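Here the structure is laid out as structure tokens; the discussion comes afterwards.
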Amino acid sequence: MGASSSLAPPPHAAAPQVREGSVGKYVSVCHVHGMAVAVPNRAEKVLAVDPARGQTSTIDLPVGIDAGRSYKFSSVCCVKEVLVAVPLDAEKILVLNPSTGQAQSVDLPSGVEASMPCKFGSVCNVNGRAVAAPSGAEKILVVDPADGQVWGIELPTTIDASKCCKYLSICNVNGKAVMAPCNAEKILVVDPEASQAWAIDLPLGVDARTEWKYFSACGLVERAVAVPLDAEKILVVDPATCQAQAIHLPAGIDASRCDKYCSISVVNGRAVAVPWNAKKILVVDPATGLASAIDLPTGIDARRGRKFLCACAVNDKAVAVPSGAEKVLVVDPATGQASALDLPAGIDASRPRKYESVCSMKGRAVAVPLDAERVLVVDAAAGKASTIDLPGTLPICSMKGTVLVEQTLVTCLPASGDCFNLTLRHRNMHRLPIFPELVAALLIYWVQTDEREPPRIEYAAMHTHRQIQEAEYGSTVDFATVTAELPTGNVFYVVLKSNSYILDFLSWNLELDHALTQDPDFFIHAGAARAVQDALFWLEHHLLEQLTEAWRNGTRRIIFTGHSLGGMYAAVLLFLFWKKMGSSDVGCLLCNFEVRCVTFGSPMVFGGGSQQAQDFKHFGQKRAINYINENDPCPRAWGAINLRRFVELAARGVENGHFDGLRSIDGLVASEAVTEAARDLLSRPDFHLSEDFAKRYQHFSELRLLSPQSQFSHWRVFRRTPDSLRDHSMLAYISRLLSAFSADSSDCYVHSQTARVEQSRNVSLRTGGKAIWESSRLAGKATAIDLPAGDTAGRQGEYWSVCNVLGKAVAVPRNAEKISVVDPASGQAAAIDLPKGIDASRREKFVSVCSVNGKAVAVPAHAERILVVDPANGQASAIDLPEGIDAGRAGKFRSVCSVNGKAVAAPYDAEKILIVDPATGQASAIDLPAGIHASKTGKFVSVFNMNGKAVAVPYDAEKILVVDPATGQASAFDLPAGIDASTVLKFGSVCNVNGKAVAVPFDADTILVVDPATGQASAIDLPKDIDASGVANFGPFAMSTARQWPFLPMLRRFWWWTLQLAMLRPSTCLQAVAVPANAEKILVVDPATSQASAIDLPTGKVLYVALKATSCVLDFVNWNLESNRIMTQDADFFVHCGAAGALYAASFWFEQSFLEQLKEARKNGVRRVICAGHSVGGMYAALLFYSFWKKLDEASQDVLSLLSGLDVQCVTFGSPMVFGGSSQQAREFKDFARKRAVNYINEDDPCPRAWSAINLQQFVKTAAKSVQNGPVDEVAGLVASQVVAAAAQEVVKRQDFHLLEDFARRYQHFAELKVLSSERQINHWKEFQLTPDCLNDHAMGAYVNRLFDAFDDSRPECHIHSQTARVEQRGGA
């Protein structure tokens, strides 16, 4: 490279080595000596561009920097005419002198781990030194290229050095480096001259807890200006005064949007930010503290994601080059105008991630390609853009016009008429053991294209037997069977494809299915199990004939294969056939074959430690392989990924337009729907249960990690960014596989992750190749724990508090001497010794415990220390009480709850609030707020998590306590009028009812309702039927000896339910139900209406089986109208497949316990059983009712005698249809159901008219409009309105929607129907008004009100019209 633009590039820079097909080539460029110099991200050489001559050249990386490593450098700056690039994943610093073409590598200083990924993400020049912001590194990096000195500066103690992506932006402000926080919680300022760093608090209005706050900053008017990525305000920092301020975003810019701005440039005293996902350009004037917005010009789609990632100032204008946008953007902040320039010929405008780095050079903007094909040069003054070729190119390969390569491929898949061809350039690839697996990958892609003709692959003759698509039988699973004649023999492929997508969060079903395994300690992913069960009838029907024919034709190998969720289905299928081998026609036939499973990017499917689980895992690790592509997050789901972070990143990735050429994401779930579904999922109060389920999953197959690194990588280690979803596409997997087994490429290595592959490291499996198989011995341990020795069952008060931790019950000792851990799945219990520092002989040690992130945290009553129990490893530890809490005091704490990863304990006799972080082993104390007397005894005995805060209601305290552990602040609320603060033993327990805390009285006279969001409290009078003067009205025992035997929260004075009455959802909010201790009636509290009512205790004994669906009838994406005949075993009698699958998953546990419950109920005089449910729950109830009926014919004599003496009925409300068919069995059950089952239909409720008595398309459209117009009770808490609207559009647009309509017409009601109507005249149940308001009639509260109306003359008129001939009624009841 020449010293100036007037010189030609010297010989050392001329080698043409940049690959055009390489993705992620350059992300950082800098102007020096008239050249734009880019340091390699995934490219292998430094790129130099001379725009004056229109030439490019390359410079070799120095010894010590691995050119084959990915993500080497992402930031470079010019220091005294020398370029300094700081390592992202590279292991050394790069120092380059462009004038001489000399490059050298410099070691990182002590304290900076060279092997750590994502070390430094940004660098700038500060007074002749390069200062780098720590992303994953734990120190700040300073490089002085003049004397070759490198050193690290410690982060301030208030900044968590262990976090990843702490700082991704840096700028120079008056000799100080200022870094705006990305995932860090404070601003960082560095003085490299003094080697000092300090932190500045974020200003009011910027939430320090938000991740991905700021990605870009610039120095302007002696201040640093950072524009928000996910933060909601602009940040302005003055390092001289250590002050920071927040500026509101201007009107027209949505502050709540994610990924708003990633690039900022200084133009004439203003900061100009170009939109990444925002819809407008942002201009900031820090001198005035004002911000304004500029509309994007015509030709740039504001709705598109990932528009611009980089911009620079050129002649008083900001020039932004496109990443996902289709044109160049030019902004003039002086006039507030913006214009768009067309990309020149030779640059594919539709390609994503074209450019992500640009610099200004002599009135031009020069952009180096990330995924684009050429260098881009923009002359904004002339309004033109041109290109410069990269030094040397290779052709890009495609399949049906879709770009395949992430690395340069040696195999091309050109487009052809009806199918694609594959010509192998590596002549020995077809002889490798990998070849059948490569064919499996290509067949998966073929099935995803929905092409009828199989691919034509060199050395592989394809014969398609059958393609089963959802159009044929309405399943969520498509599959194809193909025989491939390979050089190594014939292979029979079963290729599975899901019609859902892993990012369809609303379809996630992480529940544990034990029905297929019939094993309490071996489970399968419930969603996958149900999908395969639905398709199994067809699979077995076709496979038996096809396998028989395949055997005759010499086929001896079978491969089940699939990608993503299809891979999960393939794994379930492997298990089913493993279990059936020798026990069925298909199973016996399979014994003759070598059965294998090859999957790509499949999430985990199995879990458990039983003998059956271990046997199958041993089989799976010999016969099954799951490929994992570098940073693909999906195969890390569920047990090896932070579920919350996965949802957030995935939603962001979809918003940014991450999908492959087959539109595998947005074709099924629109990006808006994914985003809304993610928010809805994360806000669910039971999301922690999904996280608990996720942690139990594991991979049962061999794992093979596809990586660009030759160094061994563990499959659990990966980069978590929105871009990581790119690695999940099937095309990315094909690209990596082809690259791994090309003799001409070193772009991919294969690292095996099971011990059964005995291979020394860095040994190639084939001559001339670069694929490395490496062994990692993963220690999977299963242990059996003896029952606790020294059982002292005769003693009283051993354990008074227990909590659920990852499926195990952990009981902490009150008077016992050991911790007890019970595993109900295995029926075993274990004892854990108390840790050192806790006196086992002391009485009243612990009376309250809660689960926090997989550990049990018990706060001390009489014990001296906090107890933390990890049941997973059988270990317990003690944490010292913090300063300010007297360890010697008795009765310190009697209530604790989990809030955002911390345990919060409200004081009983202690004088401060206790906060425990089990992850760090630290505890802290918070002073009680003014108004709560710290010296008072018996202050609080119940605390509850309310929307990220702990709310404690007063026992003997005089005010309500609210604690925010995130800020370390506590506040007190006055008790409302009507509650005597001086009363002792006021409230003993509290629960969350729709965001409000409801406490029923122990000895108080009224009910207490607290809204922590507003700081308001109110009182609700007890109903007149309940004596307010009674003692301990609602509790398990009277408290006359409360001081001697203090109240223990684990013995609740009442139990909490959502009131169902044989219905599963009350009106527009949930209600609290308290069962009496000394009172004579049940108490029902509705905080929304401030009403309380009393219900008589029942006189007759009825066993209710109430079923509730976690899905919703309006969750259109989850509709599953295909016919299930597995349950009926009858070709002309079917049940709703979705409902059958859901009930089947619960059947194992249901059957395990229900017969015992029936026996016990009969002993207690129960003679009636009512199955009840609302909406989809009603469908489950009807199926359970059918199961009872069927068991009367199939049950053993013992079971028959038990069931025959019971009056089994089914009562449902607003239930859609469940059954269909006209066989003898169908008619007999229908006759039985008309006598024993009732389905109530409220006026115009459309849901019980589904499926055959309603126009399905109109139903979908009307329902979506209704939900958008306002919250609908059935929907609001489960599916956000935007999701319903998006899902409705997707369902109606489906090409096979007519099939759903055909399926729907086959359904009918088998139960007696009772229509609730305000009209005396009898209307047929099929007659109703389909309007946007009709869904209001579907709410469970509406059904409750109508039933009360029908039987109470003082209420509005309602009549019950029976719709069966056997009920003679004139129209009213």
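All figures in this text were calculated on a predicted structure; none of them were measured in a lab.
- Side chains of Val46 and Thr58 form no contact here, defined as non-hydrogen atoms less than 4.5 Å apart.
- Put simply, the side chain of Lys307 gets close to the backbone of Ala302: a donor and an acceptor are under 3.5 Å apart.
- Atom OH of Tyr261 is separated from atom CZ of Phe215 by 15.5 Å, given to the nearest 0.5 angstrom.
- Closest approach of Ser360 and Val314 over heavy atoms only: OG-CG2, 3.7 Å.
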Worksheet entry | Derivation and outcome, side chain to side chain contact (heavy atoms under 4.5 Å, CB included), residues Glu326 and Arg304 | CA-CA 10 Å; Glu326 297 188 350; Arg304 179 188 288 269; 2.8 Å; yes
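- With a 4.5 Å cut-off on side-chain heavy atoms, Pro87 and Phe120 count as touching.
- Between Leu282 and Ile234, some side-chain heavy-atom pair lies under the 4.5 Å cut-off.
- The closest side-chain heavy-atom distance from Pro40 to Leu61 is below 4.5 Å.
- A salt bridge links Glu373 to Arg351: one of the charged nitrogens lies within less than 4.0 Å of a carboxylate oxygen.
- Here the side chain of Lys280 pairs no donor or acceptor atom with the backbone of Pro275 at under 3.5 angstrom.
- No donor-acceptor distance shorter than 3.5 angstrom exists from the side chain of Lys279 to the backbone of Asp254, with no hydrogens or angles considered.
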Worksheet entry | Verdict with reasoning, Val328 to Leu376, per side chain to side chain contact (heavy atoms under 4.5 Å, CB included) | CA-CA 10 Å; Val328 178; Leu376 174 65; 4.2 Å; yes
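- Between Glu356 and Arg306 a salt bridge is recorded (basic side-chain N to carboxylate O distance below 4.0 Å).
- The residue from Arg636, Arg736, Arg726, Arg704 that alone fulfils the salt bridge (charged side-chain N to carboxylate O under 4.0 Å, His left out) condition with Glu630 is Arg736.
- Neither side chain, Tyr214 nor Asp230, offers a donor N or O lying under 3.5 Å from an acceptor on the other.
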Discussion item. Apply side chain to side chain contact (heavy atoms under 4.5 Å, CB included) to residues Cys182 and Lys213 and explain how you reach the verdict.
Written reply: CA-CA 5 Å; Cys182 182; Lys213 291 182 280 292; 5.9 Å; no
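- Across all non-hydrogen atoms, the minimal contact from Leu88 to Gly121 is CD1-CA, 4.4 Å.
- Lys25 contributes a side-chain N or O that, together with a main-chain N or O of Ala372, makes up a donor-acceptor pair within less than 3.5 Å.
- For Lys72 (side chain) and Ala43 (main-chain N/O), a donor-acceptor pair under 3.5 Å exists by modelled atom type.
- Once rounded to the nearest 0.5 Å, the distance linking CG of Asn626 with OG of Ser602 reads 5.0 Å.
- Pairing each heavy atom of Cys634 with each of Gly601, the nearest pair is CB-O, 4.0 Å.
- Arg374 has a carboxylate O that lies under 4.0 Å from a charged side-chain N of Asp389, or vice versa, which qualifies the two as a salt bridge.
- From Ser357, atom OG reaches atom CG of Leu47 across 10.5 Å, with rounding to the nearest 0.5 Å.
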Practice prompt. Applying side chain to side chain contact (heavy atoms under 4.5 Å, CB included), run through Val375 and Val366 and close with a yes or a no.
Written response: CA-CA 7 Å; Val375 177; Val366 179; 4.0 Å; yes
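- Panel note: side chain Asp379, backbone Ala382; a donor-acceptor pair is recorded below 3.5 Å.
- Using modelled atom types, no side-chain atom of Asp332 and backbone atom of Lys317 make a donor-acceptor pair closer than 3.5 Å.
- Closest non-hydrogen pair, Ala313 versus Val267, comes out as CB-CG2, 3.9 Å.
- A 4.5 Å side-chain heavy-atom check between Arg257 and Asn277 finds at least one atom pair inside the cut-off.
- The side-chain heavy atoms of Val319 and Val358, taken from C-beta on, include no pair separated by under 4.5 Å.
- Proximity of a side-chain donor or acceptor of Ser135 to a complementary backbone N or O of Tyr167 within less than 3.5 Å is not detected.
- Ser323 is not listed as a side-chain neighbour of Phe308, based on a closest heavy-atom distance of 4.5 Å or more.
- Between Gly54 and Ile388 the shortest heavy-atom distance is O-CG2, 3.3 Å.
- Counting only heavy atoms from C-beta outward, the side chains of Val29 and Val76 never approach each other to under 4.5 Å.
- The main-chain N or O of Ala311 is found under 3.5 Å from a side-chain atom of Ser263 such that the two form a donor-acceptor pair.
- We find the CE-SG distance between Met361 and Cys312 to be 11.0 Å, quoted to the nearest 0.5 Å.
- Here salt bridge (Lys or Arg N to Asp or Glu O under 4.0 Å) pairs that include residues 337-346, with residues two or more places apart or in two chains, are Lys327-Asp342.
- Of the possible donor and acceptor atoms, one in the side chain of Lys354 sits under 3.5 Å from a partner among the backbone N and O of Ala325.
- Distance check: Lys497 NZ to Thr561 OG1 gives 14.5 Å after rounding to the nearest 0.5 Å.
- Of the N and O atoms on the side chains of His728 and Ser564, at least one donor lies less than 3.5 Å from an acceptor on the other residue.
- Under the ring-ring contact (aromatic ring centres under 6.0 Å, His included) criterion, Phe600 pairs with Tyr627, sequence neighbours left out.
- The two residues Lys45 and Tyr26 make their nearest non-hydrogen contact at O-OH, 2.8 Å.
- Atom OG of Ser74 and atom NZ of Lys119 lie 10.5 Å apart (nearest 0.5 Å).
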